[in-house]
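This report concerns only the one structure given below.
A quick note: this is a predicted structure, and the numbers were derived from the prediction, not measured.
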Amino acid sequence: MRKVWLPKTLAHILREWKKAQDELKEYLGDEYQDYNLVVALPNGRPCENRVISKEFEKLKAKAGLPNVVFHSLRYSSTTYKLKLNNSDLKATQGDTGHSQIDMITNVYAH
């Protein structure tokens, strides 16, 4: 387990999301299959990649964002963490969960 910094707005959204999931879980009872996921189908089961990709495409279009792949979010996040941490590789490694610091220096530290 590791701690992850989240903006207050995102923490609030996630708490509301969890509350809605818990209500649905209670309503469905035994029909709800709890995999302890943040992003899940209404019955609790995991989403297929294509479902997440389709929703990501909609969000990009709605927000007028460039056509990037989902993993670009991780790339951008790590790059900004490096900037915010004044290029502190060890702190960024801890925030991102990369097991090897070389991953940070070789991929993100441009």
Side-chain angles (χ1 to χ4, degrees):
M1 290 187 76
R2 61 188 156 107
K3 293 181 181 180
V4 179
W5 178 86
L6 296 175
K8 286 183 182 181
T9 52
L10 180 56
H12 175 74
I13 290 167
L14 288 172
R15 279 193 291 274
E16 292 297 316
W17 184 269
K18 176 72 170 128
K19 182 180 172 185
Q21 279 184 325
D22 289 344
E23 289 171 0
L24 190 56
K25 181 179 174 180
E26 186 177 324
Y27 177 75
L28 292 176
D30 292 341
E31 293 179 35
Y32 190 89
Q33 299 177 37
D34 194 354
Y35 288 84
N36 199 26
L37 300 171
V38 174
V39 178
L41 295 174
N43 65 357
R45 293 187 49 79
C47 291
E48 293 181 28
N49 288 344
R50 64 183 176 81
V51 174
I52 295 171
S53 294
K54 185 177 177 182
E55 292 303 313
F56 184 57
E57 293 297 321
K58 288 180 193 176
L59 285 171
K60 286 188 301 187
K62 185 177 178 181
L65 296 173
N67 190 24
V68 296
V69 296
F70 192 80
H71 190 75
S72 296
L73 300 175
R74 179 173 172 84
Y75 185 90
S76 296
S77 172
T78 302
T79 302
Y80 284 113
K81 284 176 184 173
L82 268 174
K83 288 180 182 183
L84 291 170
N85 290 334
N86 295 316
S87 300
D88 184 336
L89 296 172
K90 199 66 178 164
T92 303
Q93 179 190 8
D95 284 349
T96 60
H98 287 99
S99 60
Q100 300 294 321
I101 206 160
D102 289 352
M103 183 66 168
I104 305 288
T105 57
N106 294 339
V107 177
Y108 302 102
H110 52 65

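Other residues, nucleotides and ligands contribute more than 12 heavy atoms inside 6.0 Å of the CD atom of Glu16. The environment of NZ in Lys54 is sparse: at most 12 heavy-atom neighbours from other residues, nucleotides or ligands sit within 6.0 Å.
Within the 4.5 Å cutoff, side-chain heavy atoms of Lys60 are placed close to those of Asn67. Within the 4.5 Å cutoff, no side-chain heavy atoms of Leu41 are placed close to those of Pro46.
Listed by first then second residue, pairs satisfying ring pair (Phe, Tyr, Trp, His ring centres under 6.0 Å) with a partner in residues 30-55 number zero, not counting sequence neighbours.
Residues Lys58 and Glu55 are paired through a salt bridge, judged by an N-O separation under 4.0 Å between the basic side chain and the carboxylate.
Hydrophobic clustering, with ILVMFWY side chains joined whenever heavy atoms are under 4.5 angstrom apart, keeps Tyr80 apart from Leu10.
Between the side chain of Gln21 and the main chain of Val38, a donor-acceptor pair closer than 3.5 Å is present. Without hydrogens or angle criteria, Ser72 side chain to Val68 main chain gives no donor-acceptor distance under 3.5 Å.
When all heavy atoms of Cys47 and Ala40 are compared, the pair lying nearest together is SG-C, 3.6 Å.
Glu31 CD to Leu24 CG: the interatomic distance, rounded to the nearest 0.5 Å, is 10.5 Å. Of the inter-residue distances, the one linking His12 atom NE2 with Thr9 atom OG1 reads 9.5 Å to the nearest 0.5 angstrom. The OG1 atom of Thr78 lies 12.5 Å from the NZ atom of Lys83; values are rounded to the nearest 0.5 Å.
Residues meeting the side chain to side chain contact (heavy atoms under 4.5 Å, CB included) test with Phe70, sequence neighbours left out: Ile52, Phe56, Leu73.
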